[in-house]
Amino acid sequence: MAIDGIYNNLGSMMVVHRTTGQDADAGRAASASEQPQASDGGLARLTDSASLSALSPKLRSTLEDISERGGNVLETLEQNVSDLQEGFLDAFSERMDAAGVSLDEKLTLSMDDAGSLSVVGDHPDKARIEQVLADAPELSSAFGELATQSEIIRDIRSLRRVVTARVGASAYDAVDAATQESVAESSTSAYRVSLKGAMSHFYFGRNA
């Protein structure tokens, strides 16, 4: 199964729609005027049918279906990321050595708005490093793939936490919190790598 297909399925499952504010008040008012108030028994049946415990098996089934068609997706993605990280670091180090750039000074890289790898913040050799990156588009391509697959791994783990959460109000809170966290992270964080000497660290960092 293609990575894009997995990501689209996960994205659709992670969306939880909630109505708030004036829209919610208007909806309740319209509902109350159009039909009689539900009895306690009717509300209990509605709660049971719309509970997370009823939805969880479907989510589990979808995750299992993804795994069956694509093998063990999470393990495959994690191995991909590990291999890509190692390959990226080797190629980047070779390019820096050839350009005479020392990695003794801390260096952080991330994708810019144009989809190219660039230096985050200040660095004594920033201009030279970015010229090397521009001359080696394979580095940006590999890093972009790293970022995409790492984000999918993060979303799968988030979804699994939701699916295995306790049922009831606490589970609904977990769904809402996990969904908001996933959306917030996707919109405010960027995949980065920091290097200093022989040390390296890949991570999602907050945008400035």
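Residue numbers start at 1 and run along the sequence shown. Bear in mind the structure is a predicted one, so any value in this text is a computation, not a measurement.
Listed here is the closest heavy atom pair of G115 and S140: O-CB, 4.4 Å.
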Name each donor-acceptor pair under 3.5 Å that joins a side chain in residues 90-98 to protein atoms two or more places apart or in another chain, with its distance.
| residue | atom | partner | partner atom | Å |
| --- | --- | --- | --- | --- |
| S93 | OG | L89 | O | 2.9 |
| R95 | NH2 | E138 | OE2 | 2.9 |

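Here the side chain of D112 pairs a donor or acceptor atom with the backbone of S116 at under 3.5 angstrom. No donor-acceptor distance shorter than 3.5 angstrom exists from the side chain of R128 to the backbone of V101, with no hydrogens or angles considered. Not one N or O on the side chain of S158 forms a donor-acceptor pair closer than 3.5 Å with the backbone of R154.
By the criterion of side-chain heavy atoms lying less than 4.5 angstrom apart, applied directly or through intervening Ile, Leu, Val, Met, Phe, Trp or Tyr residues, V132 is grouped together with V193 in one hydrophobic cluster.
Distance check: S82 OG to L146 CG gives 10.0 Å after rounding to the nearest 0.5 Å. The CG atom of N80 sits 12.0 Å away from atom CD of E75, with the distance rounded to the nearest 0.5 Å. Going from atom CG of D122 over to atom CG of L107 covers 12.0 Å, rounded to the nearest 0.5 Å.
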- Task: Might you work through the side-chain contact (heavy atoms from CB on, under 4.5 Å) test for L109 and L133, ending with a clear yes or no?
- Result: CA-CA 10 Å; L109 303 174; L133 294 173; 4.1 Å; yes
- Please step through side-chain contact (heavy atoms from CB on, under 4.5 Å) for the pair E105 and K196, ending with a clear verdict. CA-CA 6 Å; E105 187 86 14; K196 185 175 183 180; over 6 Å; no
- Is there a side-chain contact (heavy atoms from CB on, under 4.5 Å) between L117 and F88 once you walk through the steps? CA-CA 12 Å; L117 200 55; F88 174 85; 3.6 Å; yes
- Task: Give the C-alpha distance, both sets of side-chain angles, the deciding distance and a yes or no for side-chain contact (heavy atoms from CB on, under 4.5 Å) between K106 and L195.
- Result: CA-CA 6 Å; K106 182 180 178 181; L195 308 99; over 6 Å; no
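Defined by atom type and a distance below 3.5 Å, a donor-acceptor pair is present between the side-chain atoms of Q149 and E145. Judged by distance alone, the side chains of T108 and S194 do bring a donor and an acceptor atom under 3.5 Å apart.
Note that R192 lies outside the cation-pi zone of F202, set by a 6.0 Å cut-off to the ring centre and a 45° limit from the axis.
Looking only at side-chain heavy atoms (C-beta outward), T148 and E151 stay at 4.5 Å or farther from each other.
The ring of Y203 has its center no closer than 6.0 angstrom to the ring center of Y191.
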